[in-house]
Structures are given as C-alpha cells and as structure tokens.
Amino acid sequence: MAKLETIKSSRDFQNAKNGLFFRSTSFLLQAIQNDNRGTTRVGYTVSKQNGNAVNRNRIKRRLRSVSNLTFEKHGKKNWNYVIIGKKNTLIVDFQSLIKELTSAIKKIHK
RNA sequence: CCAGAUAAUUGGAUGAUUGCUUUUAAUUAAGAGGAAAGUCCGGGCUCCGCAAGGAUAUGGUGCCGGGUAACACCCGGCGAGGGAAACCUUAGGGAAAGUGCCGCAGAAAAUAGACCGCCCUAAUUGAAAUCAUAAGGGUAAGGGUGAAAAGGUGAGGUAAGAGCUCACCGCAUUUUUGGUAACAAUAAAUGGCAAGGUAAACCCCACCAGGAGCAAGAUCGAAUAGGGUUACUAUAGUUUAUUCUUGACUGUAACCGGGUUGAUCGCAAGAUUUGAACGGCAACGUUCAAACUAGAUGAAUAAUCAUCAUUUUUUAAAAAAAUACAGAACCCGGCUUAUAAAUUAUCUGGCACU
RNA sequence: GCGGGUGUAGCUUAGUGGUAAAGCUCCAGCCUUCCAAGCUGAUUACGAGGGUUCGAUUCCCUUCACCCGCU
C-alpha cells in the first residue's frame, strides 16, 4: 500500500476553500485540482469546537486510516483533498465511514 | 444473612496486520496516569549587574510531640463536638493592651442594671382585718425577651431575700502526682463563685517568606547599530513593595564589533524504581543488592480484526450492547476535584441457628 | 506554561454582617376614538457546595463558568 502524501502548508488549505465542496453527516470534504505532481494529497482539519487535543487527534487518526483505504482506489491524481472532521467522526462505525467517503468522492466529481 | 465503619488494591487480557514518535548498524529497543486535570500550597533548577545587612509594610501559619529537602502536607497524642457502636469532624494562641460590633424583642446587650415585682418604716384616706395612694429604705427569689442576662438542686435562714450558712454537683487558684509536652487526676488545700459573646472584626504575640519563572536561561548561524571593554568625573537618578547604610550602574572619551527569527542545548541517572534486612506504635529512616523505565513541538503513544474476561438485557442454547474518569510538555513532594466496575482484610450493630 | 479579575431580576448597574435597591423590559389597570407618552400596581434574583457566626449576598475554603494579560 502506497503512502498518501499529506498537505501541510497553509496556502494549500486556503486554496481548497475555493474548490468543490461536499457535506456529509460525519465530515465535510473539499477538493481542488493541482497541476504539478502526479499524486493525490490529503489534508485534515479539526477545529477547536470538537473537544480537547486528545479528541481532535483521535478524529484525525480515524480519518487518516479511512483515507488510506479509500483514496488509492477512488481518488483522482493531481487533486488536493481536505477533510474537515466533526464530532460524529468519533461515534460512527469504521465500515460506514469508508462507505461515506467513497460515496462522497464520487459525488464531488460529478 | 442484612445494615454500616475503616484500611488497601486493580483500573480489562492475549495475538495478528497496517501506521506514528524517539532510538538503533538493523522492525533493534522503548513508548501515556491514579489522578497526567485544577494550579491551591511546598521545593529543586535558572536568571534578576549571580549584591551584603538592618527596620517597616504586606502576605501566610497558629493545641503538643515527631517526620520531611520543604510545606497550608503526613503520623502519633491532647482538648472540643457528632454518632447506639465500630468510628468520624475539628484554622484549636490571646477578650483584665486597646478599639469596634451585638438588628428585632427586652427593664437592661456592658463602666452591668431595676420595668413588673417581694418586704419594712412612719403618714393620709377608708376601715374590724385587709386594700389603695404617694415618700424613704432593703432585696434580686419569681415574671416575660433573646443566640446570649454576675453557678445549679435541696435544706436551713430571713420582714422579704441573698453562697448569708450547709450538703451534693460544677467552677477558679495553688500544690502534689503522671506525662518530653499539650494535658489529665473521685489527690490535697484554699476561695463563696468571678469583667458576657465576637479575633474565618481591626488588632496583640510567636514563627515563616527577596522577586520572576523552562515562553527561565545558554550556544550557533543570518540580520536594517539598540551592546561590550578600559580610563575619568559627579553625587542627580536607577538598583522589581518602602526606607536606611555600604556596593554597583546610568554620564564623557577611546577601542571592539551585529538585535526580533530559526536551529541546538536546557530535556530525562533522579529527594529515581524494585526487592530484602534492621530501627520506629506510625509517618518515616538506615544499610545491602539489582535495574534504567516516554520525551512530542501543525505536538507521537494509534487504527482494524480475532479469541477470552466482566456487567446488563432477552433467554433453552446462544445473540446483542456496554467496559469509567480521563491524555505527559522542565522535574519532584503534597492537597483538592472527577471516576464504570471488581476484589481483599479487620471491626461494630441487628436477626437466625448451634 | 505563568499571572490577574468577574459572577446580584429578562438586560444594565447599586449595596454590604441584621434578610436586597434603582432604571429599562414584561404583565395588569387608568387615561385616549386608537397608538405612543404619562400615572398606579404586581412578578422575577445574590453561580454551586461546605465552614465560622445567634444570623452570611457580604468573612474563609473548595468548586464551576466566563474574561483579560505575559509570549
């Protein structure tokens, strides 16, 4: 399994706001095209309203493990994705999270 | 068996796959707590021109003895209060050094006092006694108020009364005995018995405390003159609460030479952990042996699956759901608060049986 | 990580050991043809839990929530 590249610079996060947008029950997904590289890159943002640092990190870790399974099959190359976590991300099952992400990726590229 | 009290422990287990942080030659090794939390106290460490000493202010502590690096912590005891008991709670010095406050009620709330009362004296009115009136004196037994009003009960005594006298109980002082001490004593003597409460009101007394904090601070590289060294003068200012004494710095001249940000160190071998022996009622201490056990910084310690364990629900099996509080950030010692469920030991009371 | 402050009626503020005050709002009535203004009346509160005290919003301790500063 290839390792996903993660977004770290704040400029890429700002650009993703102008791109496509999709709202799901347990997370929000943003996507924008990026010319240079031949890979898909994913970033995670969890705001302070979702609890203390431990809960926020747990949300991030769950999203990371989900996206490792899904993006290799369904994600497009040369695209940047940003997933915004919510409180439901802690509660929902792991399998249903995967289904949600795959459907979200398909719907966002219509 | 039921209801309690105290002390202590655990805080799901094992394996596989895929990842993260530090580390290593190497998938080599290691990787969250009893509270990591609150930041309420105490220390280590670092800096404050690493300043020295005195006085004052400010803040804290406050029965006695011990423990500790230190403490507002802990242990043991004493007094007071609560409980049927096991046991629990306790900021518990000083009110004749001084000041303040004590609403309403009540005669009176502090230099104690005399409203309703009780009693006596002589006088006036009525008159058999008795009662009533105003005047002088004695008294504090009774009344009602309140959180609180110059000991309680009984007997004697008296005009009425009163520790006025006596007995018992309580209290104070001195001595004695026991205890390191706080303190205790159905030990002795003396005193008729006392100027209420409040100090988590000001205050007095004794003891303790210099300030800031790892974003402290140190080094390296880059970067747009704020810094450093030496010599000289003056006594104005500064020196992290104020003030005094001493010391130091700010001024002028000459010389040297590069701040915000980033990286590295500080930063994991220590009041360390585990075990044994000895001392101590205990907190804890001493000695010996073994071990090295998280170190991030857009912030790691995880995700998924399987088996088992515990609890709940529905039950014939079996299935389903749940498994607390909560997440290190320089490090330790405490306190406080949060916490599903389970376990162990000792003690108290009740019921039943022998 | 460290330091400091504030919680009183629906809102904005007083108060301070003896049982809580004012303005605006809301409700009811009067006035008016009706509304507004005005007048009268009424409702509602000391963040939570302990302690000291005869008595606590006030004093002390613990705790909860919020705000500010250092960087």
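So you know, we letter chains A, B, ... as the sequences are listed, proteins then strands, and number each from 1.
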Sorted by chain and number, sequence neighbours left out, side chain to side chain donor-acceptor pair (under 3.5 Å) with A:E100 holds for A:S24, A:T25, A:S26
Nearest-Å distance once atom [atom1] is located in both [N] and [M]:
| N | M | atom1 | value |
| --- | --- | --- | --- |
| B:C101 | C:U58 | C1' | 15 Å |
| B:A296 | B:C330 | C1' | 14 Å |
| B:U219 | B:G266 | C1' | 11 Å |
| B:G93 | B:A80 | C1' | 16 Å |

Under a 3.5 Å cut-off for both contacts, is [N] paired Watson-Crick or G-U wobble with anything, and if yes, with which nucleotide?
| N | answer |
| --- | --- |
| B:U264 | B:A218 |
| B:A299 | none |
| B:C255 | B:G228 |

* Asked: Roughly how far apart are A:Q30 CD and A:I83 CD1, rounded to 0.5 Å?
  ->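 Rounded to the nearest 0.5 Å, the CD-CD1 separation comes to 10.5 Å.
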In whole angstroms, the gap separating C1' of B:A296 from NZ of A:K60 amounts to 13 Å
Taken to the nearest whole Å, CZ/A:R64 to C1'/B:U301 is 13 Å
### Message
Restricting to non-hydrogen atoms, name the atom on A:A31 and the atom on A:I108 that form the minimum distance, rounded to 0.1 Å.
### Response
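Taking A:A31 first and A:I108 second, the nearest heavy atoms are CB-CD1, 4.0 Å.
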Indicate whether OP1 or OP2 belonging to B:U301 is found under 4.0 Å from a side-chain N or O atom of A:R61. yes
